[in-house]
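Computed from a predicted structure; not experimentally measured.
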Amino acid sequence: MLLGPVLVLLLLGGAGPASAHAALASTDPGDGTVLRRAPAHVTLTFSESVGLRDDSFRVLDPGGHRVHTGEAGRADGRADTARVALPGELGEGTYTVAWRVVSADSHPVSGAFTFSVGRTSQTAAPVDTGPTEDPLTAGLHKTARYLSYLAVALLVGTAAFVALCRPPDPAPLRRTLVAAWWTLLAATVALLALRAPYEAGTGPSAALDPAALGDTLTTRPGVLLLVRLGLLVPVALYLVHAARTARADRRGGRRTALTGAVGVVLAVGLALTWAAAEHASAGTQVPVAMTSSVLHLLATAVWLGGLAALLTTLRSARPAPDAATVARFSRTALTAVTVLVVTGVYQSWRGLGSWQALTGTAYGRLLLAKVILVAVLLAAAAVSRRWTAALVTEPAAVREPGRVPERVPQPAGGPPPEAPRPEAPRATHPSRAGTGTGTGTGSALRRGLYRSVLVEAVVAAVVLGVTTVLTATPPGRSAEEAARAAVPAGGVLPASVTTIPFEIGASGSGTVQITLDPGRTGDNAVQAVVFGPDGSLAAVPELRLSFTLPDKQVGPIEADLLDRGGYWSANTVTLPLPGTWTMKVTVRVSEIDQVSENRRIRVER
């Protein structure tokens with residue numbers, strides 16, 4: 001049951017580097033811009049709050065040497081920004097900014113961009129974002145995450161099965177609880193140790209660095225993992241107490257209610273350590289999302305962990321479990337599935353953002369795969385419910401061979417002399433039950449239920465594997481925001497930058513860099529910079545710019561450019577329709593010499 005889902009997890013999770021969930025919304029200075037003077041700061045703005053690292057910024061000069069910068073901080077105290085101060089004197093040329101932060105749901109994200117001071121460099125420093133992730137570290141981290149999900153499902157689900165379904169002999173389930181507790185402990189320790197190399201994109205040997213571990217314990221993901229470790233201590237004490245209470249046959253309703261309340265509090269506390277570190281902790285409606293995430297995880301544990309407990313009970317119980325235990329789990333599972341559906345629909349809506357993201361993003365496609373698997377799981381559950389209904393309605397003498405009813409009709413003259421009672425046959429293992437008279441029907445029903453529950457448990461383990469990959473995939477909303485911030489195929493950015501070379505005979509050659517912000521329909525600001533043959537800023541007597549949409553016979557629309565002393569700009573140019581526009585630039589370099597060049601640009605809605 002464990003090997004198959006782990007292989008699926010590694011195949012799905014190892015297809016490429018881990019994607020982070022904070023989309024870069026803007027940079028200041030903008031990517032590719034040329035500034036007249038050096039900026040005092042570099043500021044990044046993201047779609048959600050991000051965590052900063054000691055090496056969140058690396059600024060390289062035109063020669064590829066690292067520039068001494070200040071400590072990474074925030075812009076105006078906003079958690080969705082990252083800022084670093086630059087030295088007072090930056091020479092001319094192109095500078096590279098490589099950055100790496102941690103998104104609110106604990107996954108690292110990195111990138112790089114360039115800006116120039118005075119003029120662009122003939123050769124700029126290569127854009128190096130640093131390591132994205134180490135394959136071995138990533139594989140170990142994903143495996144530990146899956147094992148933690150599996151362990152908490154078994155731990156919470158088995159404990160809930162014992163408390164709610166009251167199996168006649170809970171002893172076989174104690175080994176499951178112990179194994180789940182130790183697995184969760186080991187997986188949490190592994191996640192805590194691997195946190196630093198996972199964020200830095202380095203090998204797992206970095207987990208042995210005490211300084212890196214100390215830094216991890218000051219971050220939100222590290223604190224949550226530490227809280228999870230702390231909660232495992234009272235969880236162990238609770239399990240010991242619950243086992244003693246069960247052996248003592250539970251000493252009264254008040255004691256049982258108190259024990260159940262403590263168990264619920266501990267389960268919610270464990271679930272919060274996941275909810276506060278993943279998708280629910282960032283984006284819209286965080287309090288509602290956190291509540292939904294906790295309920296979703298607990299319902300998953302009660303259902304899927306309960307399946308494993310029922311499977312163990314069906315295999316190990318001697319005598320076979322009574323129908324009442326199976327019926328109680330059937331009702332419990334139905335409630336858990338209802339909670340799963342409600343919370344799952346909400347979380348899907350929150351994560352996707354649009355119907356297009358359902359098929360157009362990796363998150364949406366994984367979600368579809370999970371929905372299909374859950375549908376298979378529900379179909380298997382429906383079969384199990386039919387076996388359960390048959391087992392519940394089976395006559396008592398067939399369910400428990402040799403059992404004498406507690407009450408029988410008595411003749412008026414008193415009971416007749418008791419006849420010798422036939423010895424009850426030994427209970428048969430459900431998977432090897434015979435078909436003899438009296439035992440055949442009950443054994444066949446239990447054998448059918450056992451097989452059905454086994455199918456449920458296997459599919460459930462695969463669902464947990466897909467869920468683990470899903471939690472490490474950017475939600476549809478974030479993916480769409482990242483796509484809007486990236487360069488589309490047509491070459492237009494949200495702040496579109498187009499470079500147009502021109503030549504005027506003996507006067508030489510040059511280029512014009514035109515920035516159209518935001519590069520979409522409606523009002524746009526325009527900035528144009530002219531560079532001479534050596535790449536330095538050049539002054540020209542006149543610069544004209546116009547836009548035409550040939551398909552719709554719109555234009556030319558003139559941009560009223562004004563000379564700002566080193567660059568040209570227009571506050572507003574209105575492009576009313578989306579489509580492929582023709583941008584025409586005319587550069588006059590003397591009283592008699594000018595040249596016009598055209599470029600096609602894509603304007604989105």
Side-chain angles (χ1 to χ4, degrees), residues 2-3 5-6 9-10 13-14 18 51 53 102 105-108 133-159 174-240 266-278 281 293-294 297-298 300-301 305 308 461 464-465 467-469 471-472:
L2 180 62
L3 178 60
V6 168
L9 172 68
L10 293 178
R53 298 171 42 83
V102 180
D105 50 11
S106 76
H107 298 283
E133 71 173 20
D134 180 83
L136 182 55
T137 300
L140 292 174
H141 189 268
K142 290 168 185 173
T143 302
R145 290 181 69 245
Y146 174 79
L147 290 176
S148 67
Y149 273 114
L150 181 66
V152 77
L154 289 175
L155 188 65
V156 174
T158 303
R174 290 173 193 148
R175 285 180 296 178
T176 302
L177 289 170
V178 172
W181 188 91
W182 281 106
T183 302
L184 184 55
L185 176 66
T188 305
V189 170
L191 288 172
L192 193 59
L194 291 169
R195 186 70 213 171
Y198 175 68
E199 288 186 2
T202 56
S205 60
L208 303 176
D209 183 3
L213 180 59
D215 292 339
T216 296
L217 296 179
T218 63
T219 64
R220 186 167 60 91
V223 169
L224 289 170
L225 289 171
L226 200 60
V227 170
R228 189 181 301 170
L229 281 177
L231 283 172
L232 286 177
V233 175
V235 166
L237 297 176
Y238 169 80
L239 293 177
V240 171
L266 290 174
V268 171
L270 284 175
L272 277 172
T273 64
W274 272 272
E278 294 180 349
S281 63
S293 180
V294 168
L297 180 58
L298 292 180
T300 300
L464 280 179
T467 300
T468 305
V469 178
T471 58

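Nearest approach of Thr219 to Thr216, heavy atoms of both residues: OG1-O, 2.7 Å. Residues Ala193 and Ala207 approach most closely at O-CB, 3.1 Å, considering heavy atoms. Between Leu194 and Pro204, the shortest heavy-atom distance links the atoms CD2-CB, 4.3 Å. Ala267 and Leu298 get closest at one heavy-atom pair: O-CD2, 3.6 Å. The heavy-atom pair separating Leu154 from Ala308 by the smallest distance is CD2-CB, 3.5 Å.
Applying the side chain to side chain donor-acceptor pair (under 3.5 Å) definition to pairs two or more places apart or across chains, those involving residues 222-235 are Arg228-Thr273.
Put simply, OG on Ser148 and CG on Leu185 are 12.0 Å apart, with the number rounded to the nearest 0.5 Å. Interatomic distance, Leu191 CG to Leu224 CG, rounded to the nearest 0.5 Å: 12.0 Å. Interatomic distance, Thr218 OG1 to Leu226 CG, rounded to the nearest 0.5 Å: 11.5 Å. In this structure, Trp274 CH2 and Leu225 CG are separated by 9.0 Å, a value rounded to the nearest 0.5 Å. Between atom CG of residue Leu155 and atom OG1 of residue Thr183 there is a gap of 9.5 Å, rounded to the nearest 0.5 Å. The CG atom of Leu272 lies 9.5 Å from the CG atom of Leu297; values are rounded to the nearest 0.5 Å.
Within the 4.5 Å cutoff, the side chain of Leu192 has heavy atoms near those of the Leu217 side chain. Taking 4.5 Å as the limit, every side-chain heavy atom of Glu199 sits out of range of all side-chain heavy atoms of Asp215.
Put simply, the side chain of Trp181 gets close to the backbone of Leu232: a donor and an acceptor are under 3.5 Å apart.
Applying the side-chain contact (heavy atoms from CB on, under 4.5 Å) rule to Ala206 yields the partners Pro197, Thr202; only residues at least two apart in sequence or on another chain are considered.
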